[in-house]
Amino acid sequence: MLDQAAQLKDQLLEKIEAAGDMASLEDVRVTALGKKGQLTELMKGLGKLDPEARKSTGQALNQVKQAIADALESRQETLKAAELEARLAAETLDMSLPVRPERQGMIHPISQTIEECIAIFAEMGFVVGEGPDIENDWLNFGALNIPPEHPARQMHDTFYMPKAKGEEAQGPEGEMERVLRTHTSPVQIRSMTSTKPPIRVIAPGRTYRSDYDITHTPMFHQIEGLVIDKATHFGHLKGCLEEFCRTYFEIDDLPLRFRPSYFPFTEPSAEVDIGCRRAGGTLELGPYGDWLEILGSGMVHPKVIANCGLDPNEYQGFAFGMGIERIAMLKYGIPDLRTFFESDLRWLRHYGFVPLARPNVAFGLSG
């Protein structure tokens, strides 16, 4: 019986190695280890042997059984890997092929609006600045002349990040606390501390505040602008914003109104309104006698300039900021801010833009 087991082992191992697919391998397994398998039949004959022969023969048969099981498992893994490789090769997609018309992707209105703003300000000589979404308290508040008691610093407006183990706030105002930036103004601070004037930079990006309704979301987008040099005055700010608004909304005679306001980081400060009319539940932009607030602006506060290591007696400039979603809603007639983030493909097909049609001031922003 021992010779028969050794011979069977060699035969089965050859069949296992020769199995070319999972079905053939399963046939070998049933032939060897099934209820009526060859090895099973040999083990049934152990009862006819005397005790000493039964012990030695049983051990030998168990060793053969284990060797066959190990070989089956190893071959199974090899065949599975080969099947996966064949499947991956068969399912390869040619990414260079054009999509079918019914599956054409669309550019999101937020992405389109950011590109439109960049195209306009690039014509004026601005460059794009970027910064991280998580900032420290100094860059987000302190350097911008926002005092510790300012409502914007409170927990109900700002997302404060948990401190790392062993981390403690530094300074009397806790300037090193980490927050999700509430505006893209930290990019302005980074630009002033890392670049020698003159500076012309715009900062588009995500911002975060603890609010949610038809006109507010916890995450939204802003674009801010900064100019720092030795000769800039409020007239330059006015001309820059007039040119932007008329170009973006594509209304040559769009009127702008500057109203005195207050921001900690600018002095003097101004809210900017654009002309409109409201009739029959609709809103139309243009020289119609009514006004709609659109953005905030002002001359950079001397304390902000000094906080960035520049001499406010030598340098001055202006800054402005606006919500990307807000100006997109006004231009493209989108009624609810929350729909920007609901990932509804029907909405995107309606409000989206053709890919690769990049905005251009000379040939049209929105195609």
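Along the sequence shown, the residues carry numbers beginning at 1.
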Parallel, tilted or perpendicular: which describes the rings of F126 and F320, with under 30° parallel and over 60° perpendicular? perpendicular
Decide, yes or no, whether a salt bridge links E267 with K303 under the criterion of side-chain N to carboxylate O below 4.0 Å. no
What is the minimum heavy-atom distance between R259 and D273, and which atoms define it? NE-OD2, 2.5 Å
Taking R87 first and then E83, would you say they form a salt bridge - that is, a charged N and a carboxylate O separated by under 4.0 Å? no
Under-4.0 Å salt bridge between K238 and E242: yes
State plainly whether the residues E293 and R257 are in salt-bridge range, i.e. N to O under 4.0 Å. no
Determine whether a donor-acceptor pair (N or O, by modelled atom type, separation under 3.5 Å) exists between the side chain of S74 and the backbone of A71. no
Within a strict 4.5 Å, meaning less than it, do heavy atoms of the M192 and V304 side chains meet? yes
Working note: I327 + I294, criterion side chain to side chain contact (heavy atoms under 4.5 Å, CB included); need CA distance, chi angles, decisive distance, verdict. CA-CA 7 Å; I327 61 175; I294 187 174; 3.8 Å; yes
Students often mix this up, so state it plainly: with edges at 30° and 60°, are the rings of F353 and Y332 parallel, tilted or perpendicular? perpendicular
According to the interplanar angle, ranging from 0 to 90°, do the rings of F341 and H221 count as parallel (below 30°), tilted (30 to 60°) or perpendicular (above 60°)? parallel
Quick one about D229 and Y315 (side-chain donor to acceptor, distance below 3.5 Å, no hydrogens or angles considered), yes or no? no
Search all heavy atoms of G142 against all heavy atoms of N307 and return the closest pair with its distance. O-ND2, 3.8 Å
Salt bridge between D137 and R178, side-chain N to carboxylate O under 4.0 Å? no
